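As the structure is a prediction and not an experimental result, all values here were calculated from the model. Atom set for the values below is all heavy atoms of this structure, side chains included, hydrogens, waters and symmetry mates excluded.
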Amino acid sequence: MARPSNHPRTRKGTLMLGTFKIDKSNFGHALEAFIIAIVITAVCVLIGVYSPRQGFLLGSGLALAWYIGREKRDTETGLDLPSGSPRAWLLMWIRWKNLLDLIGPALVHAVAWAIYLDPFPSGAS
């Protein structure tokens, strides 16, 4: 039996599924992750647990983890797969839509690492 033309092993080129398309929702995901990180930073600083740099790193990491979980859940429900399906986990990483939804929170987390590591410290003598 022949494989369908959209099967990953029969298509020419990339293994990615879907189309590469950046839209407004990608920027919204980045903004939402940034807001989550700022709120967690404020809470951490107000209760005196972490410095602002540490709180922002923690907040952006939690936002990224939340988005990864949300994209997996969206893959399960969108493709009608059972909860906890390993196939949903695999498909989440090879579908452009899911990866592009994670780019914004990943960039926010990268900025948080840059702030935390402080490559250009001020006042160093």
Of all the heavy-atom pairs spanning [X] and [Y], show the shortest one and how long it is.
X	Y	value
Thr41	Pro52	CG2-O, 3.6 Å
Cys44	Gly55	CB-CA, 4.3 Å
Trp96	Thr19	CB-O, 3.3 Å
Phe56	Ala37	CE1-CB, 3.5 Å
Met92	Asn98	O-CB, 3.3 Å

How long is the straight-line distance from [atom2] of [Y] back to [atom1] of [X], given to the nearest 0.5 Å?
X	Y	atom1	atom2	value
Leu81	Leu91	CG	CG	6.5 Å
Glu32	Ile35	CD	CD1	7.5 Å
Lys24	Leu31	NZ	CG	14.0 Å
Lys72	Leu90	NZ	CG	11.5 Å

For the backbone of [Y] and the side chain of [X], can you confirm whether one donor and one acceptor N or O come within less than 3.5 Å of each other?
X	Y	result
His29	Asp101	no
Asn26	Asp23	yes
Glu76	Gly84	yes
Gln54	Ser51	yes

**Request:** Run the numbers on Phe20 and Leu100 for side-chain contact (heavy atoms from CB on, under 4.5 Å), then give the verdict.
**Result:** CA-CA 8 Å; Phe20 183 90; Leu100 290 173; 3.6 Å; yes
Please check if [X] and [Y] belong to a single hydrophobic cluster, counting links between Ile, Leu, Val, Met, Phe, Trp and Tyr side chain heavy atoms closer than 4.5 Å.
X	Y	result
Ile40	Val49	yes
Val108	Ile103	no
Leu46	Leu57	no
Leu99	Trp66	yes
Leu64	Trp113	no

Discussion item. Checking Leu62 against Ile36 for the side-chain contact (heavy atoms from CB on, under 4.5 Å) test, could you report, in this order, the C-alpha distance in whole Å, the side-chain angles of both residues, the deciding distance, and whether it holds?
Written reply: CA-CA 8 Å; Leu62 290 174; Ile36 291 169; 5.6 Å; no
Task: Residue pair Leu117 / Arg53, side-chain heavy-atom distance below 4.5 Å - done: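 A side-chain contact is absent here, since even the closest heavy-atom pair is not under 4.5 Å.
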Quick one: does Ile68's side chain get under 4.5 Å of Trp89's, heavy atoms only?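 Ile68 vs Trp89: side chains touch.
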Quiz item: Has Arg95 got its NZ or CZ under 6.0 Å from the middle of the six-membered ring of Trp93, at an angle within 45 degrees of the ring axis?
Solution: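 Not satisfied by the 6.0 Å and 45° rule.
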